[in-house]
Each structure stands twice: as structure tokens, then as C-alpha cells.
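Here the structure comes first, spelled out in C-alpha cells, and everything after it is commentary.
Quick note on labels: first sequence line is chain A, next is B, and so on, each numbered from 1. Quantities reported herein were computed from a predicted structural model and do not represent experimental measurements.
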Amino acid sequence: MKFGEFGGIYVAETLIQPLKELEKAYEELKDDEKFKEKLDYYLRNYAGRPTPLYYAENLTKKIGGAKIYLKREDLLHSGAHKINNTVGQALLAKFMGKSRLIAETGAGQHGVATAMAGALMGLKVDIYMGAEDVERQRTNVFRMKLLGANVIPVESGSRTLKDAINEALRDWVATFEYTHYLIGSVVGPHPYPTIVRDFQSVIGRETKKQILEIEGCLPDVIVACVGGGSNAMGIFYPFLNDDVRLVGVEAGGKGLNTGRHSASLCAGKKGVLHGMLSYFLQDEDGQILDTHSIAPGLDYPGVGPEHAYLKEIGRAEYVAVTDEEALKAYLELSKTEGIIPALESSHALAYAMKIAKDMSRDEIIVVNLSGRGDKDLGIVMNALGDGL
Amino acid sequence: MINRSLITYVTAGDPSKELTLQFLDVLSRYSDVIELGIPFSDPMADGKTIEKSHYRALKSGIRVKDVFEIVEDFKDDHKTPIVLMTYFNPVFARGLENFVRNARESGVDAMLVVDLPLEEAKEYIDVCYEYEMKTVFLASPNTPNDRLRAIDEASSGFVYLISLYGTTGEREKLSSLAFDLIKRAKSICRKPLAVGFGVSKAKHVRELLRAGADGVVVGSAIVKLIEVYGEKAVEKVDEKCRELREGLNF
């Protein structure tokens with residue numbers, strides 16, 4: 001299945017059968033009552049769903065424009081939306097009879113969420129993490145180990161997220177008979193972008209119900225950050241056929257003209273990597289470029305194929321926010337609302353704050369607050385020095 | 001394209017354009033077909049040895065156009081067929097038709113695109129047909145029979161059988177999966193069959209040819225020598241290829 005020309009199944013031959021097996025299992029299970037019941041049970045009682053849709057009144061008043069609502073995925077167990085997908089896929093793996101999970105992780109959030117789901121379901125967990133990220137994110141490495149997972153540092157390439165994905169794929173091609181590869185975003189070969197989107201769509205479904213209850217109408221704009229794009233896809237998807245403006249915010253890093261960013265939709269070209277046709281940051285020869293973002297979770301040279309499609313058909317728009325703007329939003333929300341947002345989510349917030357002031361007071365913006373920002377204290381302290 | 005053949009692999013530009021030409025000259029003395037790899041920033045299907053070789057090549061500053069020049073220079077005074085091995089993104093970035101045309105003009109005889117399975121290969125097959133570029137597709141121990149038939153049909157050069165579950169790289173012993181796959185492929189495929197991944201010794205070459213393979217591919221065992229000996233590897237590669245060639249005597 002493709003999204004226009006995007007997506008697909010660009011993998012070496014050995015992975016074709018495991019992907020077909022996964023597709024078949026997912027197609028059978030996704031409408032299975034027992035599976036849905038179990039998933040719902042864990043999302044409710046383990047992950048902490050539904051999450052609130054919170055009217056950020058202080059922030060709204062301070063900016064003086066559109067009403068800003070926050071979808072509080074930061075309140076989930078694990079501190080981010082990642083758990084929606086890992087619980088779903090771990091359950092799927094269990095139904096498929098697999099005994100082991102592998103996953104890639106950048107900052108460690110998806111690794112932690114996978115380790116939790118693995119512990120919950122009694123599955124062995126191995127996490128691939130770029131060696132550079134292992135050094136930068138020591139607390140999360142410890143957290144994963146604490147949860148019983150094994151963390152494998154990846155020394156190859158740029159020693160970051162994309163190399164961790166390469167290494168996980170290398171593992172999977174040798175171990176697929178008993179291993180499920182639990183991809184953490186709406187990326188990779190079919191059926192992953194669809195599976196991850198479906199598991200994350202609970203965010204959008206809840207948001208729709210909640211905003212209708214509170215405001216009696218749909219929001220005017222939904223804003224979400226986009227690295228691989230799973231939290232954005234999750235909140236966008238149930239609104240695709242509604243008259244709602246959808247904005248994905250990419251990591252502009254030091255600025256799009258500096259080459260030090262991760263904004264593949266804003267500044268990349270079409271290409272093929274990690275099993276999918278999508279947009280990638282690459283040179284003229286198709287070599288994938290190193291990326292940068294203050295938010296480790298956005299530091300990826302590609303993006304999910306469905307986002308590439310939504311951009312192509314004009315259904316969603318994609319913009320970039322710099323490190324500096326994201327950092328300002330991080331500080332602003334912490335002070336005005338007492339909520340410390342993840343640096344990733346701060347990108348979405350920064351853009352929402354930018355457009356809110358030019359909108360009228362009866363208009364509504366929903367920001368997907370995809371994760372909480374305690375994990376980023378080290379980065380923020382480094383960036384600010386002592387200058388709070 | 002192959003018949004009781006030794007097929008050897010190096011990565012273009014590892015460690016330099018000039019040395020690649022020297023390696024190709026040595027390889028051509030002992031092998032019937034040469035696989036030349038285009039280095040890629042993310043060689044997902046390759047094990048550590050070839051992966052590192054891709055990084056060395058990229059570090060030397062090699063570009064896709066240089067790879068075509070290497071082939072052109074080599075073909076000036078050699079007849080050994082060249083199979084260009086690549087990941088799909090360098091092909092996609094250049095434009096499929098451009099890439100195949102440029103490759104063919106430089107003297108490339110066949111192409112193997114590692115991450116382009118049948119599902120995504122329709123246009124590629126058409127373009128290769130148009131430019132008389134031979135195609136090589138991979139088959140794996142878990143490829144079902146009907147799919148093996150389709151892979152055979154799509155491969156105008158030969159079918160490349162992956163000998164195991166995993167990435168490229170040397171192994172002490174051949175996997176039993178290799179022999180099962182050769183047996184199955186022989187009953188289904190009409191094109192010649194090459195076997196690769198994990199093949200590193202003359203003994204392996206002999207065992208696989210005896211089991212019915214038409215060609216055997218050795219990559220990592222050669223690339224490893226380049227990793228260890230760098231610019232001084234020419235002689236070592238010569239020795240290794242001579243040893244591998246012994247595998248054909250039985």
C-alpha cells in the first residue's frame with residue numbers, strides 16, 4: 001500500500017516475507033474484538049488514556065489571540081506519546097508468537113516505551129541506540145536497563161538515530177523468525193507507516209471528541225511537531241476529512257540556510273531510505289546527510305511517507321522552527337502554565353504561539369503536546385548556561 | 001552470464017579511485033565476473049566489513065560519476081563483465097533512466113539493486129531492458145516458490161541466491177539454508193544461479209558449485225584485506241583470489 005507515490009517496500013529480499021507476515025497479522029487483528037479490547041485495556045489502565053485536552057488560558061491571554069488547547073500526551077506513562085504505539089505493537093508481536101522485540105531509539109523515548117511494553121508483555125527487548133546518543137542520554141539508557149532491556153550502542157555512520165535503524169534492520173534480517181522489529185515512528189517499509197499511524201490515531205480521535213464536548217466545534221488549526229512524524233500523523237489522521245488546517249512543524253535547527261537542521265519536508269528531496277520513498281536530506285548523489293536539532297527526537301534525515309503525501313496534495317502544510325524559537329517556547333510554557341514541554345513538542349508550541357496572535361479570539365488552535373520536557377533539562381541547562 | 005564462475009566484489013573508491021582500478025585488474029585475472037559496489041551512506045543490507053568499506057570510499061570523496069569513470073577506464077583494456085551493485089537511492093537521485101544509461105555507456109554489464117525488490121522494480125526492469133542492461137535480483141531462503149519463479153523471470157543476467165538469514169560478511173561454515181535454496185532454485189529457475197553472503201574460502205566455493213550453483217560470490221573476505229592492508233592490499237588480494245580460484249578445481 002502506498003500514499004500516492006510515497007511509502008512502498010524498498011527492502012532486500014529476505015525482509016519481504018517477514019513484512020508480509022506482519023501485514024497479514026495486522027490486517028487480521030486490527031478489527032479483532034479480543035485484540036481491540038486488550039489494547040484498550042492497556043491504553044486505559046497502563047498507559048493512562050484518555051489524556052486531557054487542556055485549555056492553556058494563561059498562555060492564551062498572554063498572547064492575546066486564538067485560544068490555545070494542549071493535547072496532554074506528556075501525561076502518559078513514559079512521558080510521551082510513544083507508548084501508544086509500543087503497547088499496540090508489543091501486543092501484536094505477542095499475538096504473532098514472537099518472543100523478542102528490537103527497536104531503534106534516538107533520544108531514548110521510544111526505547112524506554114518499548115522496554116516498558118516488553119516488560120509488560122514478557123518479551124525480551126534489545127534496543128539499538130547511536131553511540132553518540134548513548135553518551136548524550138545516559139539517564140534514558142539507565143532507564144531502559146532498569147526496565148530489563150539490553151541497550152546496544154551503534155558505532156557506525158553518524159552514530160545517531162538513522163544508524164540505529166540500519167543496525168536494527170541488520171538484526172531483524174537474521175532473527176525475524178522469533179523477533180518483531182518495533183519501529184517507533186510512521187516510517188519504514190509498508191506496513192509500518194500504516195500500523196504506527198493507526199496506533200497513534202487514538203490521539204486525534206480523543207481530541208475530536210473532547211473539543212466537540214468543550215467548544216461544540218472543531219478546532220481551526222492543529223499543530224504538531226514532525227521528526228519521523230508519528231505524533232503528528234496520530235493527531236492529524238482523524239481530521240483529514242474535516243475543514244481543519246493541519247500544520248506539521250519540522251526542526252529548523254540553526255536555520256534552514258545553515259544546513260544544520262532536520263527539516264526534510266521543508267528542505268529535502270524525494271528519495272528512498274529505510275524501506276520507503278519519501279523526503280530526505282541528501283546530496284546530489286543520494287548520500288544521506290547528517291542532521292541537527294536541539295530536540296533529539298526530531299533529529300532524523302527523513303520523514304514518514306504519509307506526511308510527504310499530505311504535503312504533495314496540499315492537505316497539510318509543513319514549516320520549520322529553529323532551536324532558538326523552540327527553546328523560547330519551552331521556557332514560556334514552563335513559566336506561564338507550569339508545564340515543561342518536551343523540546344520536540346516545543347517546536348509545535350512555538351509555531352502555534354507565532355500564529356495565534358494574528359488570529360481572532362474565537363478561533364481555536366490545538367497543539368499536540370507530545371511529550372514532557374524533564375528529559376531535556378540537561379540540554380536546556382547547557383543551552384542557557386546559568387541564564388534562566 | 002555465468003557458468004562455473006567465481007564472482008568477486010570490491011567497493012568503488014575504497015580506499016581510492018586509483019587503487020580500485022588496481023584491485024579490479026587483479027580480480028579480473030581470477031574471476032569471471034566482478035561486482036563493483038557503489039558506496040552508500042546507509043548500507044543496511046551489509047555487515048560490518050562492507051559497511052566500513054563504504055564509509056572509507058565515501059571519505060575518499062568518491063562520487064557516482066567517478067564510479068562510472070572507474071568502469072570506463074577498466075573496460076578500456078579488460079573484458080571481464082561488471083555487475084554494478086548499489087542501493088536504490090543513488091539510482092533514484094540521478095534519475096532511473098539517466099543512471100542506467102550512464103552506467104551502460106560506461107561499460108556496466110548488469111545491475112543489482114539491493115533494496116529494490118520485485119514490488120518496486122517494474123519501471124527499473126523496463127528501463128534496463130531498453131538500455132540492454134542485464135538485471136540481477138536477489139532470492140532468499142525464505143522466498144516462496146512462486147516468487148522465486150517471478151524473480152527468475154525478472155533477472156536477465158542471473159539470480160543471486162542469499163545463502164543465509166543475515167547481512168553480508170564472512171562466516172566459518174556455510175549455512176544449510178544455502179544448499180536447500182540451491183536445490184529448490186535449480187528445480188524452478190531457468191537463469192544461472194549465483195550464491196553469495198558468508199562465502200569466504202575456496203572450500204565454500206567448491207561446495208556450492210558442487211551443489212549446483214553456477215557462480216559463487218566472494219565479497220567481505222576480499223574487502224577485509226583492503227581494510228587491514230590498505231594501499232598495500234593489492235598483493236594480498238591477488239593471493240586470496242588465487243586461493244579462491246582453487247575452489248573451481250574439482
Side-chain angles (χ1 to χ4, degrees), chain A residues 1-2 5 7-21 154-159 161-179 188-190 268-278 280-290 301-302, chain B residues 38-48 51-52 54-55 57-58 62-67 86-96 99 112-121 137-144 147-148 151 159-169 175 177 197:
Chain A
M1 205 196 97
K2 293 201 179 187
E5 67 178 305
I9 183 165
Y10 295 86
V11 296
E13 178 65 22
T14 310
L15 288 181
I16 294 288
Q17 297 312 314
L19 288 166
K20 288 194 168 168
E21 182 200 3
V154 177
E155 296 284 354
S156 58
S158 56
R159 306 164 87 227
L161 178 59
K162 84 175 169 69
D163 309 283
I165 296 179
N166 294 342
E167 211 54 38
L169 285 166
R170 290 185 183 112
D171 180 314
W172 201 38
V173 80
T175 62
F176 60 86
E177 288 165 298
Y178 58 92
T179 300
H190 177 71
K269 284 181 301 192
K270 286 180 197 173
V272 172
L273 182 77
H274 293 151
M276 59 178 171
L277 199 162
S278 188
F280 294 95
L281 297 170
Q282 54 185 316
D283 70 11
E284 304 85 64
D285 270 359
Q287 308 292 354
I288 304 303
L289 298 172
D290 285 350
Chain B
I38 294 188
F40 183 48
S41 52
D42 296 81
M44 290 153 286
D46 285 295
K48 277 279 154 289
E51 184 195 352
K52 281 195 246 167
H54 280 231
Y55 298 147
L58 288 174
I62 193 115
R63 310 294 309 260
V64 171
K65 67 170 172 41
D66 300 315
V67 181
T86 182
Y87 286 83
F88 189 51
N89 204 41
V91 180
F92 187 89
R94 201 176 191 84
L96 176 57
F99 188 101
L112 195 180
V113 186
V114 185
D115 53 352
L116 193 71
L118 288 183
E119 281 81 356
E120 309 292 352
F137 280 90
L138 297 165
S140 167
N142 63 357
T143 304
R147 189 177 171 88
L148 198 52
I151 288 171
V159 177
Y160 188 130
L161 306 179
I162 300 173
S163 76
L164 45 74
Y165 292 143
T167 52
T168 59
S175 158
L177 291 169
F197 284 48

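With a 4.5 angstrom heavy-atom cutoff, A:Ile9 touches chain B via backbone and side-chain atoms both. For A:Lys270, the parts lying near chain B are the backbone and the side chain together; criterion is any non-hydrogen pair under 4.5 Å. Contacts between B:Phe40 and chain A at a heavy-atom distance below 4.5 Å involve backbone atoms as well as side-chain atoms. With a 4.5 Å cut-off on non-hydrogen atoms, A:Phe280 does not touch chain B at all. Contacts of B:Ile151 with chain A are made by side-chain atoms alone, with heavy-atom separations under 4.5 Å and no backbone atom involved. Interface residue B:Ala139: only backbone heavy atoms are found under 4.5 Å from chain A. Residue B:Lys52 does not touch chain A at all, counting heavy-atom pairs closer than 4.5 Å. Heavy atoms closer than 4.5 Å to chain B are found in the side chain of A:Leu273, but not in its backbone. With a threshold of 4.5 angstrom between heavy atoms, B:Leu138 approaches chain A through its backbone and through its side chain. At a 4.5 Å heavy-atom cutoff, B:Ile38 makes no contact with chain A through either its backbone or its side chain. Within the 4.5 angstrom heavy-atom criterion, only backbone atoms of B:Pro39 (N, CA, C, O) approach chain A. Only the side chain of A:Leu277 comes within contact range of chain B, with at least one heavy atom under 4.5 Å from a heavy atom of that chain.
A heavy-atom distance below 4.5 Å is not found between the side chains of A:Ile16 and B:Leu118. Residues A:Leu169 and A:His274 have side chains in contact (heavy-atom distance under 4.5 Å, counting atoms from C-beta outward).
Judged by distance alone, with hydrogens and angles left aside, the side-chain atoms of B:Thr168 form a donor-acceptor pair with the main-chain N or O of B:Gly47 at under 3.5 Å. Using modelled atom types, no side-chain atom of A:Asp285 and backbone atom of B:Pro90 make a donor-acceptor pair closer than 3.5 Å. Between the side chain of B:Tyr55 and the backbone N or O of A:Ser156, no donor-acceptor pair lies under 3.5 Å.
Heavy-atom pairs under 4.5 Å with chain A were tallied for B:Leu164, B:Asn142, B:Leu58, B:Val114; the largest tally goes to B:Asn142. The candidate from A:Gln17, A:Glu177, A:Arg170 with the greatest count of non-hydrogen atom pairs under 4.5 Å with chain B is A:Arg170.
A:Asp163 and A:Ser158 are linked by a side-chain donor-acceptor pair at a separation below 3.5 angstrom, with hydrogens and angles left out of the test.
The pair A:Glu167-A:Arg159 does not count as a salt bridge, with every side-chain nitrogen at least 4.0 angstrom from each carboxylate oxygen. Taking a cutoff of 4.0 Å between a charged side-chain nitrogen and a carboxylate oxygen, B:Glu119 and A:Lys2 do not qualify as a salt bridge.
A search for salt bridge (Lys or Arg N to Asp or Glu O under 4.0 Å) contacts involving B:Asp46 returns nothing, not counting sequence neighbours.
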